[in-house]
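Step one of this worksheet: look at the structure below.
Predicted model only: the values in this text are computed from it and were never measured. Count residues from 1 along the sequence. Excluded from the calculations below are hydrogen atoms, water molecules and symmetry mates; all remaining heavy atoms, backbone and side chain alike, are included.
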Amino acid sequence: MSNPGSRADHDKFCRVEGWSEVRNARGKAVQHHITYELRLSDGRVLRARVSRPANTKTYGSGLWGAILTDQLCVTEEQFWACVNDSELPNRGEDEDELAGNALPAQLVFQLIHVARIPEEQVAEMSLDEAVAAMTTYWSRPPR
């Protein structure tokens, strides 16, 4: 990590990407950190904690790496593009086309464990290829 960000950068990233500030049980702001959550389309919920005050004090390189990978789940390049240019990181929401071509779990299981096709090969298959492979397997006479 070449350029650790500051608390203010961390806070700005969360605000630009549209993270929600978390409140405590009494509905007030959390006192020791500014805590944000981001719900992703895949069901995960990311949580980030920015130390108060959100000032220009920079993080140490170890903590900075953990913030990027564990809290924000972005690369350093994605972080700075968001902070400096308001370019939102790609979180996969625009990959509906890929989801439409995803193989059903039961079909993947059958390909790997019944037809004995290597997992790496199955991962490269389109839905049509996977169905054709299983159809071919089922058409063979029993051994």
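- Nearest heavy atoms, Met125 versus Ala133: CE-CB, 4.0 Å.
- A pairwise comparison of heavy atoms in Ala48 and Gln71 identifies CA-OE1, 3.3 Å as the closest pair.
- The shortest side-chain heavy-atom distance between Leu127 and Leu103 falls under the 4.5 Å cut-off.
- Each of Ile34, Asn55, Val83 was compared with Asp11 under the side chain to side chain contact (heavy atoms under 4.5 Å, CB included) criterion, and only Ile34 meets it.
- Take Ser139 and apply the side chain to side chain contact (heavy atoms under 4.5 Å, CB included) test, not counting sequence neighbours, and it matches Thr135.
- No path of Ile, Leu, Val, Met, Phe, Trp and Tyr side chains, each step under 4.5 Å between heavy atoms, connects Val22 with Val16, placing them in separate hydrophobic clusters.
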Scan the side chains in residues 104-123 for donor-acceptor partners under 3.5 Å anywhere in the protein, sequence neighbours excluded, and list what turns up.
unit_1	atom_1	unit_2	atom_2	d
Arg116	NH1	His113	O	3.3

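- The distance from atom SG of Cys14 to atom CG of Leu38, rounded to the nearest 0.5 Å, is 8.5 Å.
- A distance of 10.5 Å separates OG of Ser86 from CZ of Arg15, quoted to the nearest 0.5 Å.
- Side-chain atoms of Arg39 never come within 3.5 Å of backbone atoms of Ser20 as a donor-acceptor pair (strictly under, hydrogens ignored).
- Annotation: the span from Trp19 atom CH2 to Thr35 atom OG1 amounts to 11.0 Å, rounded to 0.5 Å.
- Here the straight-line distance linking atom CG of Asp9 with atom CZ of Arg7 works out to 12.5 Å at 0.5 Å rounding.
- The OG1 atom of Thr58 sits 10.0 Å away from atom CH2 of Trp64, with the distance rounded to the nearest 0.5 Å.
- Here the OG atom belonging to Ser51 is positioned 7.5 Å from the CD1 atom belonging to Ile67, to the nearest 0.5 angstrom.
- Atom CD of Glu129 has more than 12 heavy atoms from other residues, nucleotides or ligands within 6.0 Å.
- Under the 4.5 Å side-chain heavy-atom criterion for Ile, Leu, Val, Met, Phe, Trp and Tyr, Leu88 and Tyr36 are members of distinct hydrophobic clusters.
- Side chain of Glu76 to backbone of Asn3: a donor-acceptor contact under 3.5 angstrom is found.
- Taking 4.5 Å as the limit, every side-chain heavy atom of Glu17 sits out of range of all side-chain heavy atoms of Leu46.
- Using the six-membered ring where Trp is involved, His10 and Tyr59 have ring planes that are perpendicular, over 60° apart on the 30 and 60° scheme.
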Point to revise | Stepwise side-chain contact (heavy atoms from CB on, under 4.5 Å) check, Gln78 with Leu68 | key: CA-CA 10 Å; Gln78 291 171 316; Leu68 290 174; over 6 Å; no

